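Counting begins at 1 with the first residue of the sequence. Computed from a prediction, not measured in an experiment: that's the story for all the values here. When a ligand or atom number is given, it counts from 1 through the structure's own listing order.
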Amino acid sequence: MVAIGHEIPYPISTRFPADMVNTISERSVELSARRNLMTKQELFNKADQYKKIIQAARPLKPEEIKELDAYFKIGLTYSSNALEGNTLTISETKMLLEDGLTAGGKPLKDSLEAIGHAKAYDFMLQIVREKPFEIAEHIILELHRLFYEGIDKQNTGKYRDISVYITGTDYLPPEPEQVPHLMKEYVNKVNQLSGKVHPIELAALAHKWLVDIHPYVDGNGRTARLLMNLLLMHDGYGIVSIPPVLRVEYIDALRVSQRADHPDAESFIQLIAECTIETQKEYCRLLRIKAN
Ligand SMILES: Nc1ncnc2c1ncn2[C@@H]1O[C@H](COP(=O)(O)OP(=O)(O)OP(=O)(O)O)[C@@H](O)[C@H]1O
């Protein structure tokens, strides 16, 4: 069970800063260069310092919260879909979600994924703002349903009844008969761990354990990243994207956490902590907060 105040972070204008794409890749380079220089605990400490600084800028006006929600919705929708090969750029994602304009010549599926992801994001925010809450199976299924119903009605919001494989890895997700009971165990494990480890570690593990089970036919990565963000938002850390340029690091860290010999989730947790700090810097930039 996670219970903290209503801590919603915040952009300032839905009018996307023109430098958004550059900012994302520059931040990623910076993030890559810094990798492994700080311990997990140092990263958590830094994220907690930023969290305090950002919280001191509250309360925000309702219009500011609305604008920040829209800003990060576009950012997460773009990055989470791009990680899975969706070809929409951040500007095309913005045009689609704000003005209803589809990108000419691009697959319809890419637009449906963006629209679905945005719906699931809105639901995620709604849950974060209804407190207190516990992670529950119906919440995770609803995140998936909203994301996936426009793409494949048959497999939306329900567990898979077929075996699945993750391309490019030896790791085999469990057989479909095991999924319902593994998901029950999963929810209990996440709720029981809440308050016992740092919230960023909890969110990273919730992501990792969900993709380990791979409960759906498709859309596992995106549902897991939304769930991770539900936990991070709930604890006041903001919306955390994994920039597409870090895809290799992201997948490698998951692989290390799943290898048969000495599985180790530490580098995955560290990567999520680093991405959290980058998000917090973005909040500071948008809110004109001097953090150093
Ligand atoms: N070893 C791994 N290699 C690659 N991806 C992994 C691995 N372990 C877990 N994953 C997760 O699985 C996701 C991709 O899984 P898959 O290719 O089955 O896509 P999916 O289920 O269709 O979900 P989505 O399309 O949203 O990612 C990644 O985003 C990642 O979060």
With the threshold set at 4.0 Å, does a side-chain nitrogen-carboxylate oxygen contact exist between Lys46 and Glu42?
no

Using 4.0 Å as the upper bound for N to carboxylate O, is an ion pair formed by Lys106 and Glu92?
yes

With respect to [atom], which of [options] exhibits the smallest heavy-atom separation?
atom: atom 31 (O) of ligand 1; options: Tyr171, Tyr250, Tyr165; result: Tyr250
atom: atom 19 (O) of ligand 1; options: Leu226, Ile251, Asp218, Val164; result: Asp218
atom: atom 8 (N) of ligand 1; options: Gln258, Arg259, His214; result: Gln258
atom: atom 29 (O) of ligand 1; options: His144, Glu84, His207; result: Glu84

Short N/O distance, under 3.5 Å, between [X] and ligand 1?
X: Asn220; value: yes
X: Val211; value: no
X: Gly219; value: yes
X: Arg222; value: yes

Atom 22 (O) of ligand 1 touched by protein heavy atom at under 4.0 Å:
yes

With atoms numbered from 1 as shown, which atoms in ligand 1 lie under 4.0 angstrom from a non-hydrogen atom of Arg255?
1 (N)

For Asn229 and Tyr237, does a side-chain donor sit closer than 3.5 Å to a side-chain acceptor?
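There is no such pair between these side chains.
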
Would you say Asn45 and Gln49 are linked by a side-chain donor-acceptor pair, where the criterion is simply a distance under 3.5 Å?
no

Which word best sums up how the rings of Tyr283 and Phe72 line up, parallel for under 30°, tilted for 30 to 60°, or perpendicular for over 60°?
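Because their plane-to-plane angle lies in the 30° to 60° range, the rings of Tyr283 and Phe72 count as tilted.
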
Once the angle between the rings of Phe147 and His117 is folded into 0 to 90°, is it parallel (under 30°), tilted (30 to 60°) or perpendicular (over 60°)?
perpendicular

Paired with Ile242, the side-chain contact (heavy atoms from CB on, under 4.5 Å) test is passed by just one of Leu83, Ile251, Leu76, namely Leu83

Please list the nearest protein heavy atom to atom 6 (C) of ligand 1 with its residue and the distance rounded to 0.1 Å.
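For atom 6 (C) of ligand 1, the nearest protein heavy atom is Ile166 CG2, 3.7 Å.
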
For atom 10 (N) of ligand 1, grab the closest protein heavy atom and report residue, atom and distance to one decimal in Å.
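The closest one turns out to be Leu254 CD1, 3.7 Å.
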
Could you report the tightest heavy-atom contact between Pro180 and Pro176, atom names first, then the distance?
CD-O, 3.5 Å

Within-shell test, Leu83 vs ligand 1, heavy atom, strictly < 4.0 Å
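Distance cut 4.0 Å: Leu83 fails for ligand 1.
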
Taking only residues two or more places apart in sequence or in another chain, which ones pass side-chain contact (heavy atoms from CB on, under 4.5 Å) with Pro173?
Arg160, Val164, Ile166, Tyr171, His214

